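Data block below; observations after.
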Number of protein chains: 2
Amino acid sequence: MPITLSSARATPSDARAFENIVAGAMTAAGMTPLSLTDCLHKIQDYGARRHFNRNEPIFVQGEPANQVYRLISGSVRLCRYTPDGRRSVMDFLFAGDLLGFVEGAHQPAAAEAVSDVTLVAYPRQCFERLAANNAGVRTGLVRHLSRSLEGAQQHLMVLGCQNGKERMASFLLRLADPMDLVCGDRLDLVMGRQDIADHLGLTIETVSRVLATLRELGAILIPNSHQIVLRDIAALRALCAQS
Amino acid sequence: MPITLSSARATPSDARAFENIVAGAMTAAGMTPLSLTDCLHKIQDYGARRHFNRNEPIFVQGEPANQVYRLISGSVRLCRYTPDGRRSVMDFLFAGDLLGFVEGAHQPAAAEAVSDVTLVAYPRQCFERLAANNAGVRTGLVRHLSRSLEGAQQHLMVLGCQNGKERMASFLLRLADPMDLVCGDRLDLVMGRQDIADHLGLTIETVSRVLATLRELGAILIPNSHQIVLRDIAALRALCAQS
DNA sequence: CGAAGTCTTGAATTCTATCAATAGGGGTGG
DNA sequence: CCACCCCTATTGATAGAATTCAAGACTTCG
């Protein structure tokens with residue numbers, strides 16, 4: 001069940017409604033093609049709104065990929081497991097992020113709720129039909145995939161070239177990225193130490209120690225284990241110096 | 001200069017010829033949409049055939065991305081550099097692989113010839129025009145991006161979860177992947193030890209030592225530094241056991 | 001043949017993992 | 001409201017893995 005942008009296959013009756021809404025939204029917006037996120041957002045009432053509790057699986061690795069998702073609130077970890085139980089947290093996703101846009105028939109990774117999560121799920125066939133008839137959606141899909149690839153490659157650099165302190169600095173700055181950074185900004189760490197460890201290719205103990213080191217260096221404050229104050233952003237930037 | 005699949009912008013005169021050829025090829029093939037690779041292959045005489053010597057840059061990180069490439073022969077490393085000179089080899093590419101299909105205006109990574117390389121370069125505008133009018137090309141682009149992302153995530157697992165021996169086993173099996181594996185198969189290592197090290201997040205010395213260890217375990221033979229005989233494939237598979 | 005580059009091997013150091021114990025925090029039930 | 005318990009996080013001591021520094025062997029090529 002690949003994401004075919006051209007095939008004219010049977011679709012649920014909702015699909016036509018989707019397209020009309022999107023078409024209307026696009027013309028109303030004055031020919032500016034909507035981003036993929038905006039498109040899904042406009043039709044989100046047609047998707048199924050779902051809720052997941054902390055640590056609940058949204059989908060598991062290997063299950064049929066027949067839905068695509070848009071995250072409304074909360075945060076999600078995207079991770080892969082080895083047969084012997086090791087885990088790699090590929091990425092963390094937050095409100096507004098997209099999820100489940102894969103080409104193959106099965107989910108190559110699992111998605112789990114880091115905090116309580118609300119999202120909208122769309123049948124994959126509906127999305128494919130939407131894409132088949134809407135150039136803006138196709139552009140958005142390509143952009144989404146490109147950005148995901150870009151992010152994965154940046155993280156490959158982190159895991160391939162950086163030591164513990166540098167990895168943590170990169171992680172904190174990436175978490176803070178959306179906000180325009182000012183020293184003293186408070187950062188919420190919704191994910192636990194084990195999640196961070198599996199994301200950075202370290203152990204939970206090393207994560208703790210590295211955070212303590214950054215605090216001793218004066219780069220951060222740790223008011224509690226779920227909050228970090230970025231005390232010296234220049235120092236953090238210097239640590240993770242990567243292009 | 002994003003890869004817009006829908007915009008009707010001015011294109012070079014060659015673009016129309018591209019489309020006709022591809023359209024012809026597709027109908028001749030009996031409505032089976034061509035893959036992106038096949039599409040580019042069919043029109044490769046319209047691209048510029050170029051040659052690069054060993055270690056020569058094909059494009060550098062940050063340069064304007066205004067061409068896309070299809071590798072005819074030889075092998076290429078795709079890598080990123082940090083300001084302080086560290087290098088991460090994101091991937092190795094071989095004959096038939098695609099290169100340079102990025103969304104942004106600039107190359108996020110560098111491409112360098114590992115061995116002598118022959119490739120075909122197409123102006124990006126031509127490709128975009130082709131994609132705008134050809135559903136098969138769009139499908140192929142999505143598939144290419146999805147597979148690249150899949151590969152990057154698999155490598156994230158390697159760097160995040162595996163030790164030296166396991167990384168090397170994963171690397172050898174991935175290199176051998178296209179051929180259906182038989183114990184005793186000989187593998188050509190076109191890339192040097194430093195390339196392998198920067199790909200696996202190790203040092204050149206560790207790469208040497210890990211290879212020696214795998215030889216002592218009986219998993220491989222090393223007739224010379226550019227060839228590896230896969231002596232015990234089951235042992236290699238057991239080492240890199242990842243789903 | 002010589003020289004430069006690449007690869008291998010050795011010894012010491014550094015970083016991270018592992019094992020183990022303690023401390024903190026949040027929620028539940030008395 | 002407090003006490004208790006479970007889960008999570010921190011800290012310490014030790015072991016192990018990979019890096020670093022250094023020297024020597026092998027290739028390749030002029």
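Treat the numbers as computed from the prediction; the structure is a model and nothing was measured. First the proteins, then the strands, lettered A, B, ... as listed; each starts at 1.
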Exercise. Under a 4.5 Å cut-off applied to non-hydrogen side-chain atoms, are A/Leu236 and A/Ile220 in contact?
Worked result: yes
Exercise. Partners of A/Gln67 by side-chain contact (heavy atoms from CB on, under 4.5 Å), sequence neighbours excluded?
Worked result: A/Arg50, A/Tyr69, A/Ala121
Problem set entry | Parallel, tilted or perpendicular: ring planes of A/His199 versus A/His155, cut at 30 and 60 degrees | parallel
Problem set entry | Atom pair distance, as rounded to whole Å: CD in B/Glu166 and P in D/dG16 | 17 Å
For this session: In whole angstrom, give the distance that lies between atom CG of B/Leu200 and atom P of D/dA17.
Result: 18 Å
For this session: Between protein and nucleotides 8-21 of chain C, map the contacts as a letter string: B base, S sugar-phosphate only, - none, heavy atoms under 4.0 Å, written 5' to 3'.
Result: BBBB----SSBB--
Between the protein and nucleotides 24-26 of chain D, which nitrogen or oxygen pairs come in under 3.5 angstrom?
none

Per-pair distances, 0.1 Å, donor-acceptor, side chain in residues 88-98 of chain A, under 3.5 Å, sequence neighbours excluded:
from: A/Asp91; atom 1: OD1; to: A/Arg174; atom 2: NH2; distance (Å): 2.9
from: A/Asp97; atom 1: OD2; to: A/Phe94; atom 2: N; distance (Å): 2.7

For this session: Assign each of A/His226 and B/Gly192 to its nearest nucleotide of DNA chain C by heavy atoms, then name whichever residue's nucleotide is nearer the 5' end.
Result: B/Gly192
Exercise. Do the side chains of A/Arg193 and A/Leu211 get nearer than 4.5 Å, heavy atoms only?
Worked result: yes
Exercise. Whole Å only: how far is the CE atom of B/Met168 from the P atom of C/dC7?
Worked result: 12 Å
Problem set entry | Beyond-backbone contact of A/Lys165 with A/Leu217, side-chain heavy atoms, under 4.5 angstrom | yes
Exercise. Quick one: B/Ile228 CD1 to C/dC7 C1', roughly how many Å, whole number?
Worked result: 12 Å
Exercise. Are any of the side-chain nitrogens in B/Arg87 or B/Asp195 under 4.0 Å away from the carboxylate oxygens of its partner?
Worked result: yes
Exercise. Which residues satisfy the side-chain contact (heavy atoms from CB on, under 4.5 Å) test with A/His226, sequence neighbours excluded?
Worked result: A/Asn224
For this session: Could you pull out all residues at least two apart from A/Asp188 that satisfy side-chain hydrogen bond (donor to acceptor under 3.5 Å, both in side chains)?
Result: A/Gln227
For this session: Measure the distance from CD on B/Gln227 to P on D/dT27 and round it to the nearest whole Å.
Result: 13 Å
Exercise. A/Asn224 CG to C/dG25 C1': how many Å, rounded?
Worked result: 10 Å
Problem set entry | Interatomic distance, B/Arg54 CZ vs C/dA4 P [rounded to whole Å] | 17 Å
